[in-house]
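In what follows, every chain begins at residue 1, and chains take the letters A, B, ... in the order their sequences are listed.
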There are 2 protein chains.
Amino acid sequence: MATDDLMSRALETLADDDPPSVEAIHRLVDLADIPESVTITEAADLLDVSPHTLRYYERAGLVAVARDGSGHRVYDTEAMRRLVFLTRMRLSGMPMRDLQHYVSLVDAGKETVPERLDMLIEHRDTIRRRIRELTLSLTATEYKIATYGGSTGPDVPSPDPTTS
Amino acid sequence: MATDDLMSRALETLADDDPPSVEAIHRLVDLADIPESVTITEAADLLDVSPHTLRYYERAGLVAVARDGSGHRVYDTEAMRRLVFLTRMRLSGMPMRDLQHYVSLVDAGKETVPERLDMLIEHRDTIRRRIRELTLSLTATEYKIATYGGSTGPDVPSPDPTTS
DNA sequence: CTAGGACTTCGAGCGCGCTCGAACGCAAAC
DNA sequence: GTTTGCGTTCGAGCGCGCTCGAAGTCCTAG
């Protein structure tokens, strides 16, 4: 595997491991082997996004990032932790808008925990629905490959070659 | 369930049926109980898209639709068959661009079957990757809900409440 | 001393997939 | 006959999430 970002590593772990084990999750979220602080390019590589995107997330108020003496961004463990969360949520389809709301709740203190949980639960359900949609589309696509006929079909109940 | 479009019905079938059976697929693709020809609004309802979107697909060259005496669109079984395919592919993330290419291959005749199969196989793999990504995000989200702590954490290997 | 390269801020632009609105046509209902 | 309603074409606009480019700063190597 060429890419070596955090998500790719986690997916690799997951590859022959379905459903994902707690092991996989631990591996996924293990920030221990990330340097204490990284540059924007290093952070971008780890997260498999572009530096442009990281600046964009910061501008959007999703994460605060410190600067060094030259004004360059310094991503510490806390920032990376949040960005791992953010990129995973983005990857699973949570809109920027919701993430902005979520981090505003985080910043507002622990009395917002229930609302945050609500958001997570709703997002979990959204992911589940999406997986079911994709699973159905996958099966249909595999079916079409297996019985392939042409036109826009087969898409018919029988693998009847006359519908080709 | 309020919605009664084709995809919803298929998903409903799928609900307590994992992995999807051939039964589910047959149900999904069964166009038998659709009228021989339908108006744009009826087609849109069946496909769970807007009439605007159907016109857009037609403008994009994805499907040809006949007209009645008044110039109104008439969706016959063949058009509906193609649209079922198109909307399913869209729902599973295939870009418009690729769909345009695909239908151009269909229109080009059966010597393009191998290339069409290549596209389907590649798309199948894309869906699989996407499902694995989502499955991982789902597990991470469930883990976070279960061990919920606050901040952007826990996202740590242990459900240690001090990381809240 | 200067050239290269990695970074900074800022605003603008882009690709995608719709989504909408204006202006119009046609046909049945009142 | 006019109102209602569903359709038509066309081009423009929008929301999203980046993505880019210009112009400048800073550090290091040669």
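- You'll find the side chain of His72(B) stays beyond 4.5 Å of the side chain of Thr39(B), heavy atoms only.
- With hydrogens and angles left out, the side chain of Arg67(B) and the base of dG7(D) share no donor-acceptor pair within 3.5 Å.
- Close to dG7(D), at under 4.0 Å from its OP1 or OP2, lies no side-chain N or O of Arg73(B).
- Checking the phosphate oxygens (OP1, OP2) of dC18(C), a side-chain nitrogen or oxygen of Tyr57(B) falls inside 4.0 Å.
- Side chains of Asp98(A) and His123(A) form no contact here, defined as non-hydrogen atoms less than 4.5 Å apart.
- Counted by atom type alone, Arg129(A) and Thr126(A) present one or more donor-acceptor pairs between their side chains at under 3.5 Å.
- Summarising the geometry, the separation between CG on Leu86(A) and C1' on dG17(D) is reported as 14 Å, rounded to the nearest angstrom.
- Atom CG in Leu99(B) sits about 9 Å away from atom P in dG17(C), given to the nearest Å.
- The nearest whole Å value for the distance from the CE atom in Met94(B) to the C1' atom in dG17(C) is 16 Å.
- Residue Thr53(B) has no polar side-chain atom (N or O) positioned under 4.0 Å from OP1 or OP2 of dC18(C).
- Taking 4.0 angstrom as the limit, Arg59(B) places none of its side-chain polar atoms (N or O) nearer than this to OP1 or OP2 of dC18(C).
- Distance Tyr56(B) OH to dG21(C) P: 18 Å, rounded to the nearest Å.
- Summarising the geometry, the separation between CD on Glu42(B) and P on dG7(D) is reported as 8 Å, rounded to the nearest angstrom.
- Residue-level contact check: Pro51(B) touches neither bases nor backbone, having no heavy atom under 4.0 Å from any strand.
- Put simply, CG on Leu47(B) is 18 Å from P on dG17(C), counting in whole angstrom units.
- Distance CG (Leu91(B)) to P (dC18(C)): 10 Å, rounded to an integer number of Å.
- In this entry the distance linking CG of Leu54(A) with C1' of dC7(C) reads 13 Å, nearest Å.
- When only modelled atom types and interatomic distance are considered, Arg90(B) and Thr87(B) share no side-chain donor-acceptor pair under 3.5 Å.
- Of all nucleotides listed (dG7(D), dC26(C), dG21(C)), dG7(D) comes nearest to the side chain of Thr39(B).
- Each of His52(B) and Ser50(A) was matched to the nucleotide of DNA chain D holding its nearest heavy atom; the match closer to the 5' end belongs to His52(B).
- For Arg55(A), no side-chain nitrogen or oxygen approaches OP1 or OP2 of dT9(C) to under 4.0 Å.
- Within a 6.0 Å sphere centred on CD of Gln100(A), heavy atoms belonging to other residues, nucleotides or ligands number more than 12.
- Looking at the side chain of His72(B), the nearest of the listed nucleotides dG17(D), dC6(D), dT19(D) is dC6(D).
- When each of dC27(D), dC7(C), dG17(D) is scored by its nearest atom to the side-chain atoms of Met96(A), the top-ranked nucleotide is dG17(D).
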